[in-house]
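Structure, as structure tokens:
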Amino acid sequence: MTGQTLWFISRATGTVSLILFTTIVVLGMVIAGRRAPHGDSATIVMGLHRWLSLGSLAFLALHIVTAIADGYVSVGWLSTILPFTSVYRTFWVGLGTLAVDILLAVVVTSYLRHRMPERSWKAIHWLSYAMWPFALIHGFAMGTASEPLLRWLTVLCGAAGAAAVAWRLRTTHADRERRALVNFQEWS
Amino acid sequence: MPSTDREVGVRIAVDRVLCTGHGVCARTLPGRIRLDEWGYPIVEAVAVDPVDADLAVKLCPARALYLR
Ligand code: SF4
């Protein structure tokens, strides 16, 4: 495969990954923030949140492998794990690496959730709020300079995620409120 | 009770403290769990198919479902 093809695949899979991450993060906030989260929609949201996370790993893996195999620029295998070791655009690649590290931690701990303290799981899951902007900025800085379409897509992802964060900040703790209401009701 | 020995499957339970009332379990285990008027689960039958139980446990957002 020519370098050109690899570069296209890398950009395409990177873009898909970013769209998936945005969707997953938004779904996660929906799960955490919904006031009356019953029924089919809650189940679908939860299932999508879980399975899209797993699916995104395939796109991300392809994105990373093609970016490094491309060889046109020197990124290096070490920078798949260790941030800021890439010769090429050290900082912007490093942000992507950081996002990968966080993502792996979040996925692994979610599969081990039943075997670890809830607090640790939650603390690591919260890192997703850092992971998503890292991925977004990495994508914006590296893949969109000459592509208005990709640039707008990235901006759109950013706007969708930011809107979800704004909504999430205004949501209250539905469970706590309902429990308080249950306590207030008259018991016959 | 000897009859419980012959029941197929695993036994499911809800941790009421952890449960945040997402109601997902009522869909992943229909006929086994229903929701009360506040949206919290009521376990109507504890014996469930292991595959169903596994999915339900994984999809509970509060990890409040567990096997006994
Ligand atoms: S899915 Fe979990 S959190 Fe939701 S109602 Fe059932 S036990 Fe509670």
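Here is the naming used below: chain letters follow the sequence lines, and residue numbers restart at 1 for every chain.
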Is there side-chain contact between S56(A) and I24(A), with at least one heavy-atom pair below 4.5 Å? yes

Is the shortest heavy-atom distance from the side chain of L136(A) to the side chain of F21(A) under 4.5 Å?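 Not touching, per the 4.5 Å side-chain cut-off.
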
Parallel under 30°, tilted from 30 to 60°, perpendicular over 60°: which one fits the rings of F91(A) and F84(A)? parallel

Tell me, side chain or backbone of R176(A) under 4.5 Å from chain B's heavy atoms, or both, or neither? neither

What part of R50(A) gets within 4.5 angstrom of chain B, counting heavy atoms only: side chain, backbone, both, or neither? side chain

Heavy-atom cut-off 4.5 Å, strictly under: side chain, backbone, both or neither for C60(B) against chain A?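 C60(B) touches chain A through backbone heavy atoms alone.
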
Testing the 3.5 Å rule here: is there a donor-acceptor pair between the side chains of T154(A) and R151(A)? no

